[in-house]
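Just so it is clear, the values below take in all heavy atoms, side chains as well, and ignore hydrogens, waters and symmetry mates. Order of appearance sets the numbers: ligands from 1, and atoms from 1 within every ligand.
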Amino acid sequence: MSRRCTIAAMAPSRWPLANLRLQTPGLELRWPSPEDLGALAELAALGVHDPEVQPFLVAWTDASPDERARSTMQYHWSRWGSWQPSDWTLELVVIRDGVVVGSQGIRGRDFAVLRTVSTGSWLGRHYQGQGIGTQMRAAVLHLAFEGLRARHAVSAAFEDNAASLGVSRKLGYRDDGTEWHAVRGRPAMVRRLRLTRADWLAARTVPVQVHGLEPCLPHFGLPADS
Ligand SMILES: CC(C)(COP(=O)(O)OP(=O)(O)OC[C@H]1O[C@@H](n2cnc3c(N)ncnc32)[C@H](O)[C@@H]1OP(=O)(O)O)[C@@H](O)C(=O)NCCC(=O)NCCS
């Protein structure tokens, strides 16, 4: 029995999120096993972006490879430990051809009331620019709009992050204002983006299958029969 099965079997009725899986034609997104998380940490150590830029609002990549690997694991553990139906962050590993290639997150705060999710993601540098980012965001948008009945999804990226903005554009997001952040001691403009349910329906092209969602619904703050 693999370690992954061991975790899922530990208490499936208590933590059904470990069995949640999203599938696109080329990818699987799943709750990370310890091995998956180890592989993701190694990917982070190898580098996530051009060191000349800092694409994240939290500058976790401005650190040594060892620190990036450790903080990757600690971040995932912290999201597991702090999960609440009223404030959850689902961080899934992204698998292509059996290999961990990156991480896709989706967050809901007071989701049952606001029906709004936000997303964040990264890929190992070797895997960027091949359409994977579009497919993995499409996967969690399907989970949000189809599985959880979201009304809005929001995203944000620095104005020079063409890849992240490109993913949002392809998936139907519209501009939703700007804000300024301090990055490495300088002001940097962030573009906020918003996707409505109607725009998601009009733009969606990636077929996505969701497995194991029903027992997870109360963990997302929703009634079991929603
Ligand atoms: C952001 C990220 C997840 C996007 O995933 P990706 O697989 O690289 O993006 P895709 O290949 O799906 O590209 C999506 C669109 O953006 C465009 N694009 C991608 N990289 C680009 C680049 N460097 N410059 C210009 N356009 C780019 C693509 O051409 C594509 O549009 P098209 O199909 O119309 O040509 C990935 O690049 C990444 O991990 N970057 C580093 C970390 C990061 O920035 N995370 C997000 C923080 S907000």
J.: Identify which of A162, S164, S121 has a heavy atom lying nearest to atom 26 (N) of ligand 1.
T.: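 Looking at heavy atoms only, A162 sits closest to atom 26 (N) of ligand 1.
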
J.: When you measure from atom 14 (C) of ligand 1 to the protein, is at least one non-hydrogen atom found at a distance under 4.0 Å?
T.: yes

J.: Of the side chain and backbone of S155, name the one, both, or neither that has a heavy atom under 4.0 Å from an atom of ligand 1.
T.: neither

J.: How far is atom 42 (C) of ligand 1 from its nearest protein heavy atom, and which residue and atom name does that atom have?
T.: F56 CZ, 3.6 Å

J.: Can you confirm whether more than 12 heavy atoms, excluding those of R109, are under 6.0 Å from its CZ atom?
T.: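 Result for CZ/R109: open.
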
J.: Checking contacts here: is it the side chain or the backbone of R169 that comes within 4.0 Å of ligand 1, counting heavy atoms only? Could be both or neither.
T.: side chain

J.: Looking only at the side chains, is there a donor atom on one of S71 and Q74 sitting less than 3.5 Å from an acceptor on the other?
T.: no

J.: Taking only heavy atoms of Q130, which atoms of ligand 1 are found under 4.0 Å from at least one of them?
T.: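 Selected atoms, number and element: 11 (O).
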
J.: Has the side chain of R68 got a donor or acceptor atom that lies under 3.5 Å from a matching backbone atom of A63?
T.: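 Yes, because the side chain of R68 sits within donor-acceptor range (under 3.5 Å) of the backbone of A63.
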
J.: Does CZ belonging to R184 count more than 12 external heavy atoms closer than 6.0 Å?
T.: yes

J.: Just jot down the ligand 1 atoms closer than 4.0 angstrom to any heavy atom of G129, in number order.
T.: 6 (P), 7 (O), 8 (O), 11 (O)

J.: Report the nearest protein non-hydrogen atom to atom 12 (O) of ligand 1: residue, atom name, distance rounded to 0.1 Å.
T.: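 For atom 12 (O) of ligand 1, the nearest protein heavy atom is T134 OG1, 2.6 Å.
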
J.: Among all the protein's non-hydrogen atoms, which is closest to atom 11 (O) of ligand 1, and how far away is it?
T.: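 Looking only at protein heavy atoms, the one closest to atom 11 (O) of ligand 1 is G131 N, 2.7 Å.
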
J.: How far apart are the C-alpha atoms of F158 and V183, what are their side-chain angles, what is the distance that settles it, and do they pass the side chain to side chain contact (heavy atoms under 4.5 Å, CB included) test?
T.: CA-CA 10 Å; F158 288 109; V183 178; 3.4 Å; yes

J.: Provide, to 0.1 Å, the distance between atom 30 (C) of ligand 1 and the closest protein heavy atom, together with that atom's residue and name.
T.: K170 CD, 4.0 Å

J.: Please walk me through it: do R30 and Q23 pass side chain to side chain donor-acceptor pair (under 3.5 Å)?
T.: CA-CA 9 Å; R30 67 187 183 215; Q23 271 183 313; over 6 Å; no

J.: Assess whether atom CD of E214 is packed by more than 12 heavy atoms of other residues, nucleotides or ligands within 6.0 Å.
T.: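 Not more than 12 within 6.0 Å, no.
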
J.: Touching ligand 1 at all, R125? Heavy atoms, strictly under 4.0 Å?
T.: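 The answer is no, since R125 has no heavy atom less than 4.0 Å from ligand 1.
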
J.: Ignoring angles and geometry beyond distance, decide whether A156 reaches within less than 3.5 Å of ligand 1 through its nitrogen or oxygen atoms.
T.: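 The answer is no, given that A156 and ligand 1 share no N or O pair closer than 3.5 Å.
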
J.: State whether the side chain of R192 and the backbone N or O of D176 hold a donor-acceptor pair below 3.5 Å, judged by distance alone.
T.: yes

J.: What I want to find out is whether D87 reaches R107 closely enough, with some N-O distance under 4.0 Å, to be called a salt bridge.
T.: yes

J.: Ignoring hydrogens, just give me the one of N161, V167, V190 whose non-hydrogen atom is nearest atom 47 (C) of ligand 1.
T.: N161

J.: May I ask you to check whether W15 and W80 place their ring centres under 6.0 Å from each other?
T.: no

J.: Is a donor on one side and an acceptor on the other found under 3.5 Å between the side chain of R191 and the backbone of S155?
T.: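 Not at all, since once roles are kept as given, no pair shorter than 3.5 Å links the two residues.
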
J.: To which protein heavy atom is atom 7 (O) of ligand 1 closest, and what is the distance rounded to 0.1 Å?
T.: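 Ranked first by proximity to atom 7 (O) of ligand 1 is G133 N, 2.8 Å.
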
J.: Can you tell me the protein heavy atom closest to atom 36 (C) of ligand 1 and the distance?
T.: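 For this ligand atom, the closest protein heavy atom is Q128 CG, 3.9 Å.
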
J.: Ignoring hydrogens, just give me the one of A163, S168, G166 whose non-hydrogen atom is nearest atom 18 (N) of ligand 1.
T.: A163

J.: Is any N or O atom of M136, backbone or side chain, closer than 3.5 Å to an N or O atom of ligand 1?
T.: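 No; every N/O pair is 3.5 Å or more apart.
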
J.: Out of L123, V94, D50, D160, who gets a non-hydrogen atom closest to atom 39 (O) of ligand 1?
T.: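 Nearest heavy atom to atom 39 (O) of ligand 1 lies in L123.
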
J.: Report the part of F158 (side chain from C-beta onward, or backbone N, CA, C, O) that has a heavy atom under 4.0 Å from ligand 1; answer both or neither where that applies.
T.: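 For F158, there is no contact with ligand 1 at all, from either part.
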
